[in-house]
There are 2 protein chains.
Amino acid sequence: MTNRPTTTTEKPQRATLRDVATLAGVSEISVSRVMRNAPNISDGLRERVMDAANTLSYTPNRLAGALKNQSSNLVAVVLPSMSNDVFSTVLDGIDAVLDEHGLNAVLGLSEYDRDRELRVVRDLLSWSPMGIILTGLHHDETVAGMIAQLDIPVVQIMETEGRPLGSAVGMSHTKAAETAADFLFAKGYRRFGYIGAWSERPNRSRARRLAFEARLASMGAPLVAATILEERSSALAGSAATADLRARHPEIDCIFYANDDLALGGLFHALAEGIDVPNALGLMGFNGIGTGKATPLPLSSIQTPRYEIGAMAARLILRDPGEADRVVDLGFEIFEGGTT
Amino acid sequence: MTNRPTTTTEKPQRATLRDVATLAGVSEISVSRVMRNAPNISDGLRERVMDAANTLSYTPNRLAGALKNQSSNLVAVVLPSMSNDVFSTVLDGIDAVLDEHGLNAVLGLSEYDRDRELRVVRDLLSWSPMGIILTGLHHDETVAGMIAQLDIPVVQIMETEGRPLGSAVGMSHTKAAETAADFLFAKGYRRFGYIGAWSERPNRSRARRLAFEARLASMGAPLVAATILEERSSALAGSAATADLRARHPEIDCIFYANDDLALGGLFHALAEGIDVPNALGLMGFNGIGTGKATPLPLSSIQTPRYEIGAMAARLILRDPGEADRVVDLGFEIFEGGTT
DNA sequence: CGGCTAATTGACAACGTTACCAATTCGGAT
DNA sequence: ATCCGAATTGGTAACGTTGTCAATTAGCCG
């Protein structure tokens, strides 16, 4: 390797600074300085280097640069799941901002499992990312320790109620649930049901339900019944759970769902059964996904700013190192729709 | 840095092999061999090293290892978009298999833009990934050149008709469209419409439409009209486009959509207008997403194996280096549903 | 032309790990 | 106790780039 040929017509070989330098007739350091756009470079040198680099299809070896710098332009992104489009929209937002700044996301999925998250975080941190985006505010202490050891920016997404490890961006799930309770109560509903799934992973789903229940109780309309499915959310599961809940509690006049997938299922069930929505039964979801805007009765829902959460998370990662950590509450909106 | 203290209570410092070696009283090389599970290590050594590593919360610096090896355990994943749940499901499959083998995905989104894809690929390749997953079979020649230079496995996903750069996994979009045409014709439909979106990005969407048209023509039932929207797919867009197409061509008795989002919109429109589906109007989508299973009339659709495509792509990346490249056609299924 | 200053280019050593092979230790047989 | 072979441990130099500072060059002024 120390006497590598400057041109080779055999097995393809990745060009290095040395190859470009030889072809351009300059030092490796000059090639490096041109490629990273360092200041004080003559036009002549720049041109000779760029010509040589293009001729050799040179791409920098980021491993080497990151090792020397003890930092990379990777951002570790730990999401719980890609199984619905909530986090695909978040990831879209993250990638959009990272890409604008020449950074790449290296991805791990925790599947809402604490031990797996610990492992995923450890794996991703081994790449010396310049920052890490975690989902939710509750993690194993070891996760916090590992991140602290690297002293890199950490942004936690989706929730704002609690003590973040660094910065956080999301919304108040408690307030969202209370607002939903108020909204539905003001619509005249009095006998409420709730449908959740996947054993209330994540915790913020449970927090929403508890806040919803407490708010209703405080208004004198205690929750009639809640169904928490063990399976993951889906429209099919929501449809079946709605049928079951109403069979067991026909007095229920309104159901709040943990998310829109479940709520869409409830709506489809109601449409199929000829149930008078919203008059005999109100239905409200959570997230405000696109499909729910097009249903015959647009789905009432808490509209959550998922793309913006992702984009803001990336911006918080990218902020000036001297800037203090902060918690950004992006709020939510009520999408009134037609099902309540 | 050459005389770093072995313990520090100041700014957190990432532990290195040297730190662990000092604490364990062995060489750095022994620590390395323990951490990478090399053979022929005594239990005693292993225990001393693991104790020291755990005490110091040592995580390997993968940058260094990858630089030495001229390869990493990253897999570059270039997807066109995260804006619908097709690719989130694919990514789910990819991550599941990579994770089983201790690899991480580093992600780039091309937004169906050729120049952007070129840039994204270049960025991701600078991490010396051990493999790369691209979407579709058509890419700028420079992309092919860059990948060839690195001599790493490449897997292209979603399509199987054409010359892949390495291996490919997907399905035949031509055959899917022809099968849809046959299926709908056999159902008795004779006057067809087609609705696509986003100016038929990607090409395989266009290929499906052309094959659908050709098949209908060969059966004597030429396509009455096609609408190709400029905007991205959504249920709302599908709903509006369905209304528009039927207003301009009320004789149409069946519409085939580029994907399920559009088709769901068409179905919602039909439900809202009291159109007799499937008797007066048949509707068929593409992808077989979960929401379409729960609608009052389950959506007829070509069921595509998106998770399996992702998982197989990762397996093809991981196959033995000596194993020949191959094209894996995972096929598709007709989900009959209730809308045709 | 010479001297001085600013701009530009290049040298050095570092980053943390690992493949390969050498050196050392251990265990068994005589 | 000694010797030999196997098992185990450790040394070397390499990977490709970059921050810092030294060396060199270029430009300007008298």
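Throughout, protein chains are lettered first and strands after them, A, B, ... in sequence-line order, and every chain is numbered starting at 1.
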Peer 1: A:Tyr58 versus A:Asp19: any side-chain heavy-atom pair under 4.5 Å?
Peer 2: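 No; the side chains remain at least 4.5 Å from each other.
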Peer 1: Heavy atoms from C-beta onward define the side chain here; which of D:dC15, C:dT17, C:dT18 lies closest to that of B:Gln70?
Peer 2: D:dC15
Peer 1: Do NZ/NE/NH1/NH2 and the carboxylate oxygens of A:Arg122 and A:Asp140 come within less than 4.0 Å?
Peer 2: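 Salt bridge: no.
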Peer 1: What nucleotide among C:dC12, C:dT8, D:dT9 has an atom nearest to a side-chain atom of B:Ser42?
Peer 2: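 The answer is D:dT9, which lies nearest to the side chain.
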Peer 1: Under a 4.0 Å threshold between the charged nitrogen and the carboxylate oxygen, would B:Arg119 count as salt-bridged to A:Asp99?
Peer 2: yes
Peer 1: May I ask you to verify if any side-chain N or O of B:Asn40 is less than 4.0 angstrom from the OP1 or OP2 atom of D:dT8?
Peer 2: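 It does, given that an N or O in the side chain of B:Asn40 lies less than 4.0 Å from OP1 or OP2 of D:dT8.
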Peer 1: For A:Asn69 and for A:Leu45, find the nucleotide of DNA chain C with the closest heavy atom, then tell me which residue's nucleotide is more 5'.
Peer 2: A:Leu45
Peer 1: Whole Å only: how far is the CG atom of B:Asn61 from the P atom of D:dC15?
Peer 2: 18 Å
Peer 1: Please tell me if B:Ser30 has a side-chain N or O lying less than 4.0 Å from either OP1 or OP2 of D:dT8.
Peer 2: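 Answer is no, no contact under 4.0 Å.
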Peer 1: Rounded to whole Å, how long is the line connecting atom CG of B:Asn37 with atom P of C:dT18?
Peer 2: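 Whole-Å distance recorded here is 12 Å.
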Peer 1: Does C:dG16 have OP1 or OP2 sitting under 4.0 Å from an N or O in the side chain of B:Thr16?
Peer 2: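 Indeed not, no polar side-chain atom of B:Thr16 lies that close.
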Peer 1: Any side-chain N or O of A:Tyr58 less than 4.0 Å from the OP1 or OP2 oxygen of D:dT17?
Peer 2: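 Indeed, a polar side-chain atom of A:Tyr58 lies that close.
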Peer 1: By nearest nucleotide on DNA chain D, pick out whichever of A:Arg36 and B:Ala64 is the more 5' one.
Peer 2: B:Ala64
Peer 1: Hey, are B:Arg48 and B:Asp43 close enough for a salt bridge, meaning a charged N less than 4.0 Å from a carboxylate O?
Peer 2: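 The answer is no: the pair does not qualify as a salt bridge.
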Peer 1: If I take atom CZ in residue B:Arg46 and atom P in nucleotide D:dT9, what distance separates them, rounded to the nearest angstrom?
Peer 2: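 Rounded to whole Å, this separation is 10 Å.
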Peer 1: Could you state the atom-to-atom distance from CD of B:Glu47 to P of D:dT9 in whole Å?
Peer 2: 13 Å
Peer 1: Starting at atom CE of A:Met35, determine the distance to atom P of D:dT17, rounded to an integer number of angstrom.
Peer 2: 10 Å
Peer 1: Could you tell me whether B:Arg62 contacts a base, only the sugar-phosphate backbone, or nothing, with contacts defined as non-hydrogen atoms closer than 4.0 Å?
Peer 2: nothing
Peer 1: Would you check if there is a donor-acceptor pair between the side chains of B:Asn37 and B:Arg46 at a distance under 3.5 Å?
Peer 2: yes
Peer 1: Rounded off to whole Å, could you give me the CH2-to-C1' distance for the B:Trp127 and D:dG16 pair?
Peer 2: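 Answer to the nearest Å: 13 Å.
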Peer 1: Here's a test of your reading of the structure: between B:Val31 and A:Leu67, which maps to the more 5' nucleotide of DNA chain D?
Peer 2: B:Val31
Peer 1: In whole angstroms, how far is the P atom of D:dT8 from the CD atom of B:Glu28?
Peer 2: 22 Å
Peer 1: Can you tell me how far C1' of C:dT24 sits from CD1 of B:Ile29, to the nearest Å?
Peer 2: 14 Å
Peer 1: From C-beta outward on A:Lys68, which listed nucleotide comes closest to its side chain: D:dG11, C:dA14, C:dG10?
Peer 2: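 Taking heavy atoms from C-beta onward, the closest nucleotide is C:dA14.
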